[in-house]
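Before any comments, here is the structure.
Throughout, a chain's letter reflects where its sequence line sits, starting with A, and its residues are numbered from 1.
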Amino acid sequence: MQNAAEPRHFRRTVVQGQATSRKQPSMFNANKVREGLIALAFLAPSLLGISIFFLVPFADTIRRSFYDVRVVNFIGLESYSSVINNTAFRLAAANTAKFVAVCVPLLLLISLTTALLLRSIKPLGRIFKTSFLLPMAVPVASIVLLWQAMFNYGGIANGVLVWLGFTPIDFMATSSAFWVLIFTYLWKNNGYNMVLWLAGLDGISETLYEAARVDGANSFQAFRYITMPCLLPTVGIVTILSLLNSFKVFREAYLVAGAYPESDSIYLLQHLFNNWFQNLDISRLSAAAAMLAAVLLGIILLMRRTLDVDE
Amino acid sequence: MWTNKIIHILKFIPLTLLAFLVWWVLWFMVMGSLMSLEELTGTIGAAISGEGGYSSWPLLPAWPTLQPIAELLLDTPQFFVMFWNTFKLVIPSLVGQLVFAAPAAWALSRFRFRGRKLLVTVYIALMLLPFQVTMVPNFIVIDRLGLMDSIWAVILPFAFSAFPVFIMLRGFDAIPRALLEAAAIDGAGAFRTFWQIGLPLGVPSILAAIVLGFLEIWGAVEQPMTFLKTPSNWPLSLFLPQIVAEELGFAMTASLFMLLPAALFFFFGQKYLELGIQSAGVKE
């Protein structure tokens, strides 16, 4: 994160705006304290805010997950077992897991392909790049109408299918809804991931490829033995960000299909959280949020560790 | 040699197909806004009302008309209320992000103190957790402060978002040390160094945070849906999906006009948008 080549004492000098003698330990400590205080002054407003709105209430959320709804009686792990045994939770968790397991690898593959193709056609690359990024700027609410016009039973997609002589599909009421949602996720996030891949690809030194070319490697070999290993660290961060962006498909699913979608296949954890919130089922919601946080932080830590090992 | 040329041309096929999927959406919205209500009902009415038949979409409207757009802009004060509601959420949130995130990012980037690494990890974790995890914590505080159903219930959590801190941290890290050295020689204090060197040189990352923040908050659905109960406070993102079934023409033009501010930010800020995405991706 920070520039490792930069000697530590230099920063202190800069911060204080005066020369520092490294030979005097007492000075050294006093400066360190002073630097910490200045840093605290800069950080205070933000720290106060995240403590009030996120950190402290998160601790309270975990506490509440062990109490009943009125936060009076300690009920231990009851909320947790109630969540785990809840049929709606199981359905939602299974759907979410399936969604992530399908959409993340698909997105990684498609966006990497897009990035590689884009790099190899330099002159028109700019226009394509803009095109692929554009979905990021399209608010979900703006495409609700288009979605319905496309995928409702009497929609354009079925119009085309019928015209081609196929039987129409009830996209929103059957398990096809799941694939429509996958498609939306890919459509929305391809550009975002492409930029991450491009940054990773730009970080690979050109001299490696030149050396390989001199040694007579073809472009496939160059990809296999240079591009792939060098991209490994990027894979970790792209996976984490893709996973977290996958939670945002709730917007599309909810705005188009409502709180209880006609098709069970797109009833996700996000729907469940929202519905429990509407019913003010705070104990179970707290337990579910604690578990979701634990799973996600676990995945992030795991991915981070693989990154560190590669270094 | 000609095989290489063919391969080169073949590469355009998948890229063009993908680009088509994006441009089709914009084409749909622009052309739909130029259609009279009769034509719109004739083309996609079947999908929205569910009454027999299938929808189709013409390449161009049969009789293009500016009437739907004129109606939206002149006859529907309701639309402007929702449009303005959205800005009332976006602007204070972005101002808050700048005021709180910039100094915090500067401290994390330029000072070395105990607990710095831990703090950076906390910010990263907060940045990566989805709304569903922070929903209950936010609700507990908002409820305690009596802010439920007020616009501050949406603004404050956005204002303290960890995301801009992270982006600006990356930007400040990239400032060459020689400049800070010069400031130190000139005797600039910590606050002057931040104000006169840090902020001006951090502008690209600050803009990146603004562009990404704008797109995020402009289209936000979960937060206003959870914390705003009174429909008169609603932003466009909640209002729009409700009117699709009843007022097709209105929904069409309103969709386009909701997209416009985001599209403007995108076209003028694409460079910074990319920078913002990259700063999340570059390895620590």
Evaluate the side-chain proximity of [Y] to [X]: yes if any heavy-atom separation is below 4.5 Å, no if none is.
X	Y	result
B/F28	A/I156	yes
B/I277	A/N193	no
A/I143	B/S255	no

Is [X] in contact with chain A via its backbone, its side chain, both, or neither, using a 4.5 Å heavy-atom distance?
X	answer
B/L18	both
B/M29	side chain
B/V211	neither
B/E274	both
B/R144	side chain

(request) Could you tell me which non-hydrogen atom of B/I140 sits nearest to which non-hydrogen atom of A/P57, and how far apart they are? (result) CD1-O, 4.0 Å
(message) How long is the straight-line distance from CD1 of A/I300 back to OG1 of B/T121, given to the nearest 0.5 Å?
(response)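 B/T121 OG1 to A/I300 CD1: 11.5 Å, rounded to 0.5 Å.
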(request) With sequence neighbours excluded, tell me which residues meet side chain to side chain contact (heavy atoms under 4.5 Å, CB included) with A/L48. (result) A/I52
(message) Using the side chain to side chain contact (heavy atoms under 4.5 Å, CB included) criterion, which residues pair with B/F257? Sequence neighbours excluded.
(response)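 Partners of B/F257 by the side chain to side chain contact (heavy atoms under 4.5 Å, CB included) criterion, ordered by chain and then number, come out as B/I69, B/L72, B/L73, B/F79, B/L260.
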(message) With a sphere of 6.0 Å drawn around CZ of B/F268, does it hold more than 12 non-hydrogen atoms of other residues, nucleotides or ligands?
(response)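 Not buried by this count: 12 neighbours or fewer within 6.0 Å.
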(request) Decide if atom NZ of B/K229 counts as having more than 12 heavy atoms of other residues, nucleotides or ligands within a radius under 6.0 Å. (result)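 Correct, the count exceeds 12.
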(message) Has A/E35 got a side-chain atom pairing as donor or acceptor with B/R112's backbone, closer than 3.5 angstrom?
(response) yes
(request) Check for a donor-acceptor pair, side chain of A/W187 on one end and backbone N or O of B/L21 on the other, with a separation under 3.5 Å. (result) yes
(message) At a heavy-atom distance under 4.5 Å, which candidate from B/A102, B/G96, B/P130 has the highest pair count against chain A?
(response) B/P130
(request) Give a yes or no on whether the ring-centroid distance for A/F250 and B/F131 is below 6.0 angstrom. (result)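 Ring centres of B/F131 and A/F250 not closer than 6.0 Å.
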(message) Taking the ring centre of each residue, are B/F194 and A/F42 less than 6.0 Å apart?
(response)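 Centroid distance B/F194-A/F42: below 6.0 Å, so yes.
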